[in-house]
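One structure is given below, encoded as structure tokens.
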There are 2 protein chains.
Amino acid sequence: MPPPSDRPLNERTNFLLSQLGFHTAMRFTERLAALDIQPSHFGLLMHLAQGEGRSQQQLAEALGIHRKVMVGLLDDLEQRGLAERRRHPADRRAHAIHLTDAARTLLPQARAIADAEEEDLLTGLSGEQRRQLLGLLQHMAENSGNPQGVHPGLRRNPGSP
Amino acid sequence: MPPPSDRPLNERTNFLLSQLGFHTAMRFTERLAALDIQPSHFGLLMHLAQGEGRSQQQLAEALGIHRKVMVGLLDDLEQRGLAERRRHPADRRAHAIHLTDAARTLLPQARAIADAEEEDLLTGLSGEQRRQLLGLLQHMAENSGNPQGVHPGLRRNPGSP
DNA sequence: TATTGTTATACTCTATAACTATA
DNA sequence: TATAGTTATAGAGTATAACAATA
């Protein structure tokens, strides 16, 4: 077994990923505040834009969170007039979640903020370097065991029954 | 101004960085638990290994945290027999922080855990790809405004007087 | 009996303020 | 008056447990 390396933190890929990941998430959060939403709301809106009418349970599973957390997220979105809980056509226990027109207006603005954040992060890198980086990160993400688009920071309850 | 892109999350560099950064930090935390320390303790031990005898205030500034947080970190390390608060030779208000022999034994084990975590993250990437990735991340880290080796997750108090 | 959504409670982490002993 | 270290307190966020309505 080789001896452990004594590289400084800024020469460790794992540290740099954690540092940069936290940095960009924090800055994205600050920028999204202008729209009065948070990254978790953005992720949920993005998901709803791909298909409305799903139950809270289905949405919670897609985002990798506990259904109790989904209650709070939807409370927030409903309060801001961005989502609606409608009657589920097939299951009277469940709600069918839909976007509002306000959400369809807001979503492009939120996407533009995400684009701007990414652009700031990639400043100084060539198009070729950006493609390389994206490919390497995608490779690692697939290898990590996290489902596509599921952020472990919104984590599922460990002992979910 | 171009329209905002509607790429999915796993095609956004900023999302992938946040996802992978959180993932590796979480897994590193779990692995370090075998040594009964956390990543913030690891960072502090790494820093102390580069030079002992500094004051808590100096250490707090180097790690980018508030001095009040340093109190808790050093309480933890002292309780585990990994650090000592000695009398500061020049300032009777301050402490001079030193590592113990136990810490010098533990630090290589912690480094080995960091190495193992990095190796798992980079599985499947060639040596050339690893060098490319490291260089790209270092470029972005320098561009981000975060001082070298300072993790924004251990963040300084916003309104520090 | 199991599932959907919800609420109440406790627990942990962080932030604000103030205190002491020195300088 | 300012600084090093510390403590007390309150607030935000998260986990545990239990609940009513429906399948």
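Numbers restart at 1 for each chain; the letters A, B, ... are given by sequence-line order, proteins then strands.
Comparing A:Asp91 and A:Gln38, the nucleotide of DNA chain D nearest to each residue sits closer to the 5' end for A:Gln38.
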| said: For a side-chain hydrogen bond (donor to acceptor under 3.5 Å, both in side chains) check, start with the C-alpha distance between A:His88 and A:Ser55, then their side-chain angles and the critical distance, and finish with the verdict. | reply: CA-CA 8 Å; A:His88 196 287; A:Ser55 72; 5.5 Å; no
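Per the geometry, CG belonging to A:Leu77 stands 16 Å off C1' belonging to C:dG5, to the nearest Å. A straight line from CD of A:Gln57 to C1' of D:dT22 spans 14 Å, rounded to a whole angstrom. Put simply, NE2 on A:His66 is 10 Å from C1' on D:dT16, counting in whole angstrom units. At whole-Å resolution of the value, CZ in B:Arg67 and C1' in C:dT16 are 12 Å apart. Following rounding to the nearest Å, A:Lys68 (NZ) and C:dT9 (P) show an atom-to-atom distance of 15 Å. To the nearest angstrom, C1' of C:dT22 lies 13 Å from CZ of B:Arg87. Spacing between atom CD1 of A:Ile65 and atom P of D:dG13 amounts to 15 Å, rounded to whole angstrom units. Taking atom CE of A:Met70 as the reference point, atom P of C:dT3 lies 19 Å away to the nearest angstrom.
Using a 4.0 Å cut-off between a side-chain N of Lys or Arg and a carboxylate O of Asp or Glu, B:Arg131 and B:Glu128 qualify as a salt bridge. In this structure, B:Arg86 does not pair ionically with B:Glu52, as no charged nitrogen and carboxylate oxygen lie closer than 4.0 Å.
Of the candidates C:dA23, C:dG5, D:dG5, D:dG5 carries the atom nearest the B:Val71 side chain, counting heavy atoms from C-beta on. Checking D:dT22, C:dG5, C:dT6 against the side-chain heavy atoms of A:Arg85 singles out C:dT6 as nearest.
Among the atoms of the strands shown, only primed sugar atoms or phosphate atoms (P, OP1, OP2) are found under 4.0 Å from some heavy atom of A:His95.
In terms of hydrophobic clustering, with Ile, Leu, Val, Met, Phe, Trp and Tyr side chains grouped at heavy-atom distances under 4.5 Å, A:Leu20 and B:Leu121 are assigned to a common cluster.
For B:Gln148, the CD atom counts as loosely surrounded, since its 6.0 Å shell holds 12 or fewer non-hydrogen atoms of other residues, nucleotides or ligands.
The base of C:dT3 sits within donor-acceptor range of the side chain of A:Arg93, with an N or O pair under 3.5 Å.
Between C:dT6 and A:Gln56, a contact under 4.0 Å exists linking OP1 or OP2 to a side-chain N or O.
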